[in-house]
Amino acid sequence: AAAPTGSVATKRASGKHAFSSRHWLEILIAVGFIAVSMVVVNWPSLWPGDGDFGMESDDSFRSLVYPIASQDMALRLQSKHILHVSTMNFTEVITDPKRPRVLVAFYDPESESFQQHRQELDNIAGMLASEHSAEPLGYLCACDVTVHSFLHAREVPKMELELGMIGDLLNNFTFGRFYASQLTLNLYVDGKGIGKYVGSVSPEHIKRFLESHRVKAKSSGEMPQDNLQIAPNEEVGLSDEPKAGPELRQDDHTIFEDVFSSEESMMEKIFSLEPKVYDQLMKGQMPKFALNFYRHYLMALYRLQAFRRSYALKYGHLPFDFGALDQIQKKHHSLRMLVSSAEQMFTIMQDRTRLARLWGSIEKRANFLDAFDKLRAGVPCPLDEKLIVEGMLTVTKLFKRLFKFLHEQARKGTLGVPKATPKQLERRAASELSVREFIERYAKPGKAVIITGLNLTEEQPWTLEFVKERCFNKRVQLKMLDEGMESWGRLRKDAGNLKMHEFIDTFTSNKTRRQWYLHDWSLPTFCPEVFGPMPYRDFTMPKYFTNDYFQRTFTGFRHTWPSLFIGSDQTESKMHIDSGNTNFWLYLLSGKKEWRFYSQKDYINLYQHPSGEQFMFDTFKPDITQFPLTEYAEVHTCIQEPGELVFIPAGNPHAVRNLEPIHGVSMNYVDASNVGLFLDAELFAATVSDNAGTRLRHWLVVQDFTNGAKVPQGMQYEAQPLRFGEWKSTPWRNLTYDVSSFD
C-alpha cells in the first residue's frame with residue numbers, strides 16, 4: 001500500500017528532512033535533561049551542602065597517580081657487584097676487615113640525581129669488581145633510604161632533598177610536585193666514616209679517589225675534589241616540629257577574652273567585643289589586624305565545627321540551628337573549611353574526582369594565604385575586611401547562643417541526658433589481645449585502654465640509671481606547669497635546660513627542679529644511643545603500633561618517637577588533645593600516673609577555648625558551678641602502674657598527673673584508625689599558620705597521604721612486635737595489608 005501523503009515515510013523516501021523545529025526542541029530538551037541528570041548523579045559534591053564548602057570545581061581532571069620509581073625494577077641498580085646494605089647489616093659490612101674501603105650510595109629510587117647516575121653506579125661496581133690486585137681498591141654498597149631512612153638520618157644527618165623549584169613551592173604551591181632524598185656517597189675506611197664524596201660520579205673519578213686512600217689513608221675527612229656533580233639543595237620548610245598557630249596575648253589586641261574567667265559568668269565573657277570595637281581595631285590598622293582576625297576566625301570556625309559534631313552525638317535530640325555557620329562560609333572561598341570532618345576526608349580520599357577538586361581548593365587557599373602574608377600598608381587586602389568582621393561576629397554570636405542555650409537547659413534539667421559517673425578504664429592482657437581486636441574494639445571506635453604484660457626493653461631494663469648512662473651529657477629542654485598559660489596542657493616550654501645526668505640526679509630533691517618536667521623528649525633525635533648499636537635491638541615496638549604511617553613517608557615526624565618522660569610527683573599536664581589528632585600511647589617504666597579520659601562525643605561539655613589549645617575546665621579541680629555541662633561528660637579514670645601501657649585514641653581530651661616520680665616512653669602515631677582525623681588537623685594547621693615554610697610542610701603531608709601511592713594505606717592484623725632496627729627498616733611498599741584506611 002502506498003504511504004499516506006505527507007507522512008514521515010514519504011519524506012524519508014524523497015530524501016527531505018522529516019523533523020520540524022518542534023521535534024528538534026523536544027530532542028534538545030531531552031538531551032539536556034540527561035546531561036544534567038548525569039552531573040547530579042555523578043558529581044553530587046559540586047553542590048554546597050553537608051559541610052562541603054571547601055570543594056571548588058576544577059575544569060581539568062588531574063592525575064592522582066604518583067610516580068613511584070622504586071616499584072619499577074628497571075629503574076633500580078642492576079649490577080650484581082653492588083652489595084645492598086640495610087639497618088640490619090650495615091655495621092657488619094663496613095667493619096668487615098676484608099673491606100677496608102667501602103663507598104656507600106644512599107639513594108632514593110625516586111630522585112632525579114639517582115636516575116641520572118644509576119648507570120654510572122652500576123659501571124663503578126663493575127670497575128671495582130674487575131680489580132685483581134692483592135688489596136681490593138674498594139667496594140660499592142647501596143642503601144635505599146625510602147626503606148632505611150633512620151640509617152640515612154644517622155649517617156647523613158642533614159637530609160638533602162630534591163624539592164623541585166622550592167621558591168615556586170613556597171610562593172605558588174601546586175600539588176603533584178616531586179620531592180625525594182638526594183643521592184649521597186659516603187666513604188668508610190676501616191669501619192670509620194670519613195665523609196661525603198662530592199666529586200664527579202664516574203668510574204674514572206671514583207677509581208682515582210679510592211686509589212688516593214689506598215696509598216695514604218686519611219682520617220681527617222678531607223677528600224680529593226673533582227667537578228661538583230652532587231650539590232646539596234637547601235632544605236626549606238620541613239622542620240621537625242609543627243609550628244603552632246598564632247598565640248593569644250593581651251598585648252596583641254586578643255579578640256577572644258578569657259571566656260571562662262572565674263571573675264564573671266562564662267556567658268558574659270565569651271567574645272565580649274562589640275561590632276564597633278571590631279571596626280575600630282580594623283580601621284587604619286591593616287594589614288596586621290586583618291590577618292590576625294582572619295586566623296582567629298578560622299580557629300573559632302574549626303572549634304565550632306567540632307562542637308557541632310559533638311552536639312549531634314550528645315544532644316542531637318535538642319533542636320539547635322547551626323545554619324549561620326553554613327551561611328558565613330558561602331560568602332567567600334577563604335571563609336570555608338577545606339573539609340568539615342574526618343568522615344568527609346575519608347569520603348574524599350576514595351573519590352578521585354573529589355580529591356582532585358580538594359587539591360585545587362588547597363592550591364587556591366595556599367596562594368590566598370601567601371598573598372595575605374605579603375600585605376603591607378597601601379596594598380589591598382585579598383579579602384574584604386568587612387567580610388572578616390562579619391565572620392568574627394557570626395562565630396561570636398553563635399558561640400554565645402550555643403552555650404546560653406545549653407546552660408539554660410542544664411539549669412532547667414531538660415538536657416535529656418543523665419549525669420555521668422566516673423568509670424574505671426578497661427585493662428587488657430597483651431597475651432589475650434590480638435592486633436585485630438585492638439584495632440576493631442579500641443582504635444577505630446576511639447576507646448582508651450590499658451594493656452598489661454608488655455616488655456618493651458627486653459635486652460636490659462631501661463632504668464633511670466640506664467637512661468642517665470646512655471644520654472649522660474645530652475641537654476634536655478624542660479617544661480613546667482603554668483596554669484596562667486594559654487597553651488597546650490598549660491605547659492611552659494622554657495622552665496630550664498640541663499644535661500641529662502644533672503636533671504636525673506636532682507629532679508626529686510631540688511625544690512625548683514621538682515616542678516620541671518622532661519616531657520615528650522625525642523629519643524631518636526636527641527639520644528639514639530638508648531636503642532643500642534646497630535641494628536638497634538634495645539627497644540621493642542609493640543605489635544599494635546608497628547603499622548605507623550609516619551614510617552612510610554618523609555614527614556618530620558618519621559624519627560620523632562618514641563619519646564621520653566621524666567618528672568616528679570609535682571608535675572602534670574592539664575586537659576589537652578594530642579597534636580595533629582594523632583593516636584598516643586605511654587609505657588610506664590617507674591612510678592604511678594593518674595589519668596582522666598573523655599571521648600570525642602563529650603567534647604562540647606569540656607569547654608575548650610574557642611580560639612586556643614587550652615581547656616578552661618580542670619578535671620582534677622572540677623568547678624561544676626562555672627562549668628555545668630561537665631557533669632554530663634563521661635570520664636574514665638585509672639592509676640597506671642609500671643609495666644603498663646595506656647592507649648589514648650586520636651581526638652580524645654585527657655589530663656594526667658604524676659602521683660610518684662615517674663619515667664616512661666611514649667609515641668604519637670597515625671594509622672588506618674585515625675588518618676582522616678589527622679589529615680583534617682593538618683589542613684587546619686596549614687590554614688592558620690603564619691609561616692610559609694610550615695604551611696608547605698603541612699601541604700606536602702596532605703599530598704603524601706592522599707595521592708594513593710606515596711604512603712601505603714593499610715594495616716596488618718598479623719603484625720608482630722619488632723625490635724627498633726627491624727621497625728625502622730620495614731619495606732612498607734612491598735607488604736600486603738589486611739585492612740585499609742577505608743574499611
Side-chain angles (χ1 to χ4, degrees), residues 313 341-347 349-350 425-456 540-553 557-558 561-562 577-578 580-587 595 597-601 636 638 640 644-654 665-682 705-706 708 711-723 726-727 730-743:
L313 294 171
S341 66
E343 292 74 21
Q344 187 192 30
M345 190 72 234
F346 271 126
T347 302
M349 290 173 68
Q350 298 174 78
L425 194 64
E426 185 178 6
R427 275 180 163 83
R428 294 296 306 275
S431 59
E432 300 175 357
L433 180 62
S434 68
V435 174
R436 178 191 292 269
E437 185 182 1
F438 170 76
I439 293 170
E440 299 298 334
R441 182 168 179 173
Y442 301 103
K444 281 189 173 181
K447 293 177 59 178
V449 65
I450 298 177
I451 303 176
T452 63
L454 293 170
N455 185 359
L456 277 56
T540 301
M541 183 59 61
K543 61 184 179 181
Y544 312 106
F545 316 117
T546 56
N547 286 293
D548 176 25
Y549 284 8
F550 285 146
Q551 305 309 308
R552 308 176 189 185
T553 185
F557 302 118
R558 190 174 193 178
W561 292 285
I577 295 173
D578 278 286
N581 276 336
T582 51
N583 289 332
F584 174 83
W585 59 262
L586 188 142
Y587 179 77
W595 296 83
F597 308 92
Y598 298 85
S599 72
Q600 294 182 56
K601 178 180 179 180
H636 284 82
C638 77
Q640 185 184 13
E644 295 182 334
L645 183 147
V646 165
F647 165 72
I648 305 171
N652 282 19
H654 56 280
V665 290
S666 76
M667 176 177 165
N668 292 74
Y669 71 99
V670 174
D671 63 16
S673 68
N674 68 316
V675 65
L677 284 166
F678 169 71
L679 290 174
D680 181 35
E682 284 293 291
F705 275 76
T706 59
V711 179
Q713 302 272 328
M715 295 191 293
Q716 295 181 311
Y717 280 140
E718 301 305 318
Q720 297 298 315
L722 294 175
R723 297 298 175 93
E726 296 173 317
W727 185 54
T730 301
W732 301 106
R733 292 175 184 168
N734 300 336
L735 303 182
T736 56
Y737 299 101
D738 303 307
V739 57
S740 76
S741 296
F742 315 116
D743 293 339

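Throughout, residue positions are numbered sequentially from 1 according to the sequence presented.
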[Y] versus [X], side-chain donor and acceptor atoms under 3.5 Å:
X	Y	answer
Y717	E440	yes
R723	T540	yes
D671	N547	no

Shortest non-hydrogen contact from T546 toward A719: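 It is OG1-CB, 3.6 Å.
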
Lys/Arg N to Asp/Glu carboxylate O, E718 vs R436, below 4.0 Å: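 Looking at R436 together with E718, the answer is no, because their closest N to O distance does not fall below 4.0 Å.
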
Rounded distance [0.5 Å steps], [atom1] in [X] versus [atom2] in [Y]:
X	Y	atom1	atom2	result
T347	M345	OG1	CE	9.5 Å
R552	F705	CZ	CZ	9.0 Å
Y598	N652	OH	CG	12.0 Å
L425	I450	CG	CD1	5.0 Å
I451	S431	CD1	OG	11.5 Å
L722	M541	CG	CE	8.5 Å

Using only atom types and a distance under 3.5 Å, with no angle test, would you say the side chain of [X] pairs donor to acceptor with the backbone of [Y]?
X	Y	result
Q350	F346	yes
Y669	W585	no
N583	A650	yes
T730	E726	yes
Y544	L433	yes
Q716	T736	yes
N581	N674	no

Is any side-chain heavy atom of [Y] closer than 4.5 Å to one of [X]?
X	Y	answer
Q713	V675	yes
Y442	P649	no
E644	R427	yes
L586	L645	no
F597	C638	yes
S341	D680	no

Side chain to side chain contact (heavy atoms under 4.5 Å, CB included), paired with T582, selected from I648, V670, L677, I577: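 Of the listed options, the one satisfying the test is V670.
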
Intermediate values then yes/no, side-chain contact (heavy atoms from CB on, under 4.5 Å), D738 and M715: CA-CA 6 Å; D738 303 307; M715 295 191 293; over 6 Å; no

Distance under 6.0 Å and angle within 45° of ring axis: R558 vs F550: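 No, cation not above the ring by the 6.0 Å, 45° rule.
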
W595 and Q640: CA distance, side-chain angles, deciding distance, side-chain hydrogen bond (donor to acceptor under 3.5 Å, both in side chains) verdict: CA-CA 8 Å; W595 296 83; Q640 185 184 13; 2.9 Å; yes

S666 and F584: CA distance, side-chain angles, deciding distance, side-chain contact (heavy atoms from CB on, under 4.5 Å) verdict: CA-CA 7 Å; S666 76; F584 174 83; 3.6 Å; yes

Ring centre gap for F438 and F545 strictly below 6.0 Å: yes

Residues L454, L456; criterion side-chain contact (heavy atoms from CB on, under 4.5 Å); working and verdict: CA-CA 6 Å; L454 293 170; L456 277 56; 3.8 Å; yes

Name of the residue among H636, K447, R441 meeting side-chain hydrogen bond (donor to acceptor under 3.5 Å, both in side chains) with E426: R441

Full working for side-chain contact (heavy atoms from CB on, under 4.5 Å) between Q551 and W732: CA-CA 8 Å; Q551 305 309 308; W732 301 106; 3.6 Å; yes

